[in-house]
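See structure below.
First listed ligand is number 1; within each ligand, the first listed atom is number 1. This structure is a prediction, so every number in the text was calculated from the model and none was measured. When reading the values below, keep in mind they use all heavy atoms of this one structure, side chains included, and skip hydrogens, waters and symmetry mates.
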Amino acid sequence: MTRNASFPTLLPVYRRIDIVFERGRGPWLWDEQGRRYLDFASGIAVTALGHAHPHLVAALTEQARKVWHVSNLFRIEQLEKLADRLIANSFAETVFLCNSGAEAIEACIKMARRFHWHRGQPERNRIITFEGAFHGRTLATISAAGSPRLTEGFAPLLDGFDIVPFADHAAVREAIGEHTAAIMIEPVQGEGGLRPIPPDCLRGLRDLCDAHDLLLIFDEVQCGMGRTGHLFACEAAGVAPDIMGLAKGLGGGFPIGACLATARAASGMTPGSHGSTFGGNPLACAVANAVLDVLLEEGFLENVRALGRYLRERLEALRARHPDRLSDIRGLGLMLGLKPAMENTDFAARLRERGLLTVPAADNVVRLLPPLVIGREEIDLACATIEAVLAEEDE
Ligand SMILES: *Cc1c(COP(=O)(O)O)cnc(C)c1O
C-alpha cells in the first residue's frame, strides 16, 4: 500500500507553532537557531520548576541508573514515599498514581460512582459539573466538560453528568437530585479562561455536598502543585474536597498524575477495581518526589505568593496605562490571565515574536504561567514585552 503523502505524518489534532526548542534552563528556552525565549507557558503549567532544574535532573538520572519500571504487582518505595508526602500535606488519606490529568480525573469519577455503589446506592451515579470546565480528553472527561468544542463528533458521550452554568449556585442546588453522586469543579478554571472560583462559592459547594451526602471533587490538575502560591489552590479558601485530581506540575515535566482521596470517599475501591500499568512507576515517582522536595522547602510557596503579587501589580500598572488594550487581569498566584482587546492568539503570537511564550485560553484570555522559580528581573522583562505589544497597537 502506498502512503497518502498529502496527509500529515503527525495526526493533525494540534495547530503547531513552527519553532523547535533544543534546550532549556530555568525560565529560558533556546530554539535551533539559538534564539532565546522567556517561557511563561511552562508547557501549560507543567514545568513548574523551569527547565533542567539540577535537583530534578539529578533525581531522574540517579533513578534511571537503578530501576525504571516494575509494575504495581510489587511494592514501590518511591511511590510509597510520594503518597505519604502528598497525604502529609493535604486533606487526603489515600493516593492512586497514574500518568496524566485525564486519567487522574477518570479515577476521581470512577471513585465517586463506586462510593455510592459500595454503600448500596448504585442509582447515585451522576456528577454535577460546570460550563467552561476542562477535565481532559478521554470520553469520560469530555463528557464531564460537555463543550461542543471537545465533544463534537465523538458521540455517544458518557452519560452521568449534569452540567450547570459557571458560578450559578442556585443552578447547582436545583441540579441536585436522588441520582446525584458528586460535584466536580476546578478551583481555578484553566482552559476556561483563568477564572478562580470565589472562596465563598467553594465553601457553598462544600456545604451542599455535606447537606446532601455528596462527594466534592476538585480538579487541581492545572491549579495544584504550588501554581497559586499554595500547594493546592483550595487551601486558600479553607475548603477540602473528598477527592482531588493532580497532574501537570506534579512531575515537573515527567508524565505523572494522581488521584487523592479521603479514606471514606475511597472506601469502594478494592483490589482489582482500578489500575494503571505505568502509574506510579519508580522513575516517575522519583521525579515527583524531587519536585516536592523543592515545593515543600521552607518559604518556597510564600515566595510564589510574593512573586504572584509582584507580577499582578506590574500587570495592573500596564492595564492602568493601556485601559483600551487590556480589559482584564485575573487569576491567582503565578496562574494569571490577561484579556487583551485584540484576538488572544494574535496577542500571544506578537509576544512570541518578541521572545515571550504564553498560552491562550477561552474567553480571549492569554495565560501567564511562568515557572514557580521565576525571578523578579524576568517578570520585569516579561511585562516590558507585554507593554511593547500593547504600545505597538497604538502605532
Ligand atoms: C490539563 C488538564 C487536564 C487534563 O490533563 P492531561 O494530562 O492533558 O490529560 C484535566 N484537568 C485540568 C484542569 C487541566 O488543566
Side-chain angles (χ1 to χ4, degrees), residues 11 13-14 16 41-48 96-112 127 129-147 149-151 154 158 161 163 166 182-197 202 205 216-228 230-234 241 243-260 276-280 284 287-288 291 330-337 358-363 365-369:
L11 195 71
V13 292
Y14 302 108
R16 289 180 198 274
S42 298
I44 317 186
V46 167
T47 48
F96 172 78
L97 269 291
C98 52
N99 314 287
S100 67
E103 251 186 296
I105 301 305
E106 284 270 346
C108 296
I109 293 166
K110 286 179 72 176
M111 186 184 284
I127 298 178
T129 56
F130 294 83
E131 283 174 6
F134 183 79
H135 299 298
R137 297 289 197 151
T138 62
L139 274 168
T141 53
I142 63 172
S143 304
S147 126
R149 190 177 62 84
L150 301 170
T151 61
F154 295 120
L158 188 70
F161 298 100
I163 305 170
F166 182 80
I183 298 174
M184 178 161 76
I185 193 165
E186 296 158 83
V188 183
Q189 271 194 357
E191 306 300 312
L194 280 233
R195 300 192 288 183
I197 312 300
L202 289 180
L205 293 177
L216 182 59
I217 304 172
F218 284 163
D219 179 345
E220 292 226 10
V221 168
Q222 189 163 156
C223 63
M225 300 312 293
R227 187 45 58 191
T228 64
H230 299 274
L231 192 57
F232 306 113
C234 59
I243 308 175
M244 181 164 74
L246 296 176
K248 293 201 165 92
L250 178 59
F254 198 93
I256 182 169
C259 170
L260 278 57
S276 162
T277 299
F278 295 117
V287 178
V291 171
R330 48 169 95 153
L332 289 172
L334 287 175
M335 188 180 184
L336 294 174
T358 59
V359 197
D363 201 21
V365 164
V366 174
R367 273 177 282 182
L368 303 181
L369 303 165

Subject >> Those protein residues which place at least one heavy atom below 4.0 Å from ligand 1 >> reply: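 If the criterion is a heavy atom under 4.0 Å, then ligand 1 touches S100, G101, A102, F134, H135, G136, E186, D219, V221, Q222, K248.
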Subject >> Counterpart residues, salt bridge (charged side-chain N to carboxylate O under 4.0 Å, His left out), relative to E191 (two or more places apart) >> reply: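 Listed in chain order: R367.
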Subject >> Within 6.0 Å of CZ in F166, more than 12 heavy atoms from elsewhere >> reply: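 Yes, because the 6.0 Å sphere around CZ of F166 holds more than 12 heavy atoms from other groups.
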Subject >> side-chain contact (heavy atoms from CB on, under 4.5 Å) assessment of F218 paired with I185 >> reply: CA-CA 5 Å; F218 284 163; I185 193 165; 3.6 Å; yes
Subject >> Those residues that, when tested against F96, pass ring pair (Phe, Tyr, Trp, His ring centres under 6.0 Å) (two or more places apart) >> reply: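 Counting only residues at least two positions away or on another chain, F96 forms a ring pair (Phe, Tyr, Trp, His ring centres under 6.0 Å) with H274.
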Original post:
Which residues pass the ring pair (Phe, Tyr, Trp, His ring centres under 6.0 Å) test with F161, sequence neighbours left out?
Top reply: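 Ring pair (Phe, Tyr, Trp, His ring centres under 6.0 Å) list for F161, sorted by chain: empty.
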**OP:** Check for a donor-acceptor pair, side chain of Q222 on one end and backbone N or O of A45 on the other, with a separation under 3.5 Å.
**Re:**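 No, Q222 side chain to A45 backbone: no donor-acceptor pair under 3.5 Å.
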